[in-house]
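What's counted below: heavy atoms across the whole structure, side chains too, no hydrogens, waters or symmetry copies.
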Amino acid sequence: MNLTGKFLFRGLNGALFNKLLVMVDGRSVFSPLMSGTFWHTIDTILDDIDRIEILRGSAGTRKGGNATNGVINIITKNSNEMLGQFFEIAHGQHNYKEADYRYGFQPNDFTTARLSVKGVQSDYYSFNDDEWNNYNVAFRTDYIEDDQFLTFQLGGYHTKSEHSSWYNRRFFRTTPSSFVS
């Protein structure tokens, strides 16, 4: 399931809204390119999410200027909770297709790891069938020995959207008129 638009924070979740800090495992997903959050970049496998912490109001400002109206922190599960394989496919309206795969393994007694791959393909706009693709890859490893804990995460995404030039079409056609005096 795509996390895009799932967090309604009283209308303050638009892509260009920069007063709501969004984090994944305590790391900001703020984009300095447009001073906001690209929601599709945090498209993780829903089963990997442990909990979502929400801090509303100006108390979040100790996290920085982007937290003026609040903080959303998406906490994912430890890799030792996700051992084995997981595969899921989905299909829906507007040519929506999704495939998720996760493999969790334990290289030694103290270390666990997981590799997740997710792909989504859909017609972005329902009225003109523009194609939208989003692919995410994530790797997480956790080292736990006695009271010592270390987590390493690495990931990336690729998004491609093709739009037809519907905005170039003429909506109003005017004809010259002559004025007679």
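Tested against I45 for a side chain to side chain contact (heavy atoms under 4.5 Å, CB included), the candidates R102, E98, M82 yield a single pass: R102.
Between R140 and D48 there is no salt bridge, since no side-chain nitrogen of the basic residue lies less than 4.0 Å from a carboxylate oxygen of the acidic one.
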Please report the C-alpha distance between L21 and S28 in whole Å, then the side-chain angles of each, then the deciding distance to 0.1 Å, and finally whether the side-chain contact (heavy atoms from CB on, under 4.5 Å) criterion is met. CA-CA 7 Å; L21 178 63; S28 174; 3.5 Å; yes
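Across M23 and V71, no two heavy atoms sit closer than the pair CE-CG1, 3.6 Å. For the residue pair P107 and A113, the shortest heavy atom distance occurs at CD-N, 4.5 Å.
Contact annotation: the side chain of L83 approaches that of T112 to within less than 4.5 Å [non-hydrogen atoms, C-beta and beyond].
Other members of the cluster containing F149 are I144, with ILVMFWY side chains joined at under 4.5 Å, either directly or via other members. Annotation for Y143: hydrophobic cluster partners, listed by chain and number, are F110, L150 (ILVMFWY side-chain heavy atoms under 4.5 Å, direct or chained).
Residues meeting the salt bridge (charged side-chain N to carboxylate O under 4.0 Å, His left out) test with E53, sequence neighbours left out: R51. Residues satisfying the side chain to side chain donor-acceptor pair (under 3.5 Å) test with N73, not counting sequence neighbours, are none. Listed by chain and residue number, nothing satisfies the side chain to side chain donor-acceptor pair (under 3.5 Å) test with T141 (two or more places apart in sequence, or in another chain). Partners of Q85 by side-chain contact (heavy atoms from CB on, under 4.5 Å), not counting sequence neighbours, listed by chain and number: Y101, Y103. For N78, there are no side chain to side chain donor-acceptor pair (under 3.5 Å) partners two or more places apart in sequence or in a different chain. Considering only residues two or more places apart in sequence or on other chains, D50 meets the salt bridge (charged side-chain N to carboxylate O under 4.0 Å, His left out) condition with none of them. Remark: Q106 pairs with no residue by the side chain to side chain donor-acceptor pair (under 3.5 Å) rule, at least two apart or across chains.
In the model, D142 has a side-chain atom that pairs as donor or acceptor with a side-chain atom of S79 under 3.5 Å. Side-chain N/O atoms of D25 and Q153 include a donor and acceptor closer than 3.5 Å.
With rounding to the nearest 0.5 angstrom, the OG atom of S122 is 11.0 Å from the CG atom of N134. Between the NZ atom in K118 and the CG atom in N136 there is a gap of 7.5 Å [rounded to 0.5 Å]. Remark: D47 CG to F86 CZ distance equals 5.0 Å, nearest 0.5 Å. Considering CD1 of I75 and CD1 of I49, their distance stands at 10.5 Å, rounded to 0.5 Å. T76 contributes atom OG1, which lies 11.0 Å from atom CD1 of I52 (distance to the nearest 0.5 angstrom).
In the hydrophobic clustering of ILVMFWY residues, with side-chain heavy atoms under 4.5 Å counting as a link, I74 and V137 come out apart.
Applying the salt bridge (Lys or Arg N to Asp or Glu O under 4.0 Å) rule to pairs touching residues 144-155 yields nothing, sequence neighbours excluded.
Classification of the Y135-H158 ring pair by plane angle, with boundaries at 30° and 60°, yields parallel.
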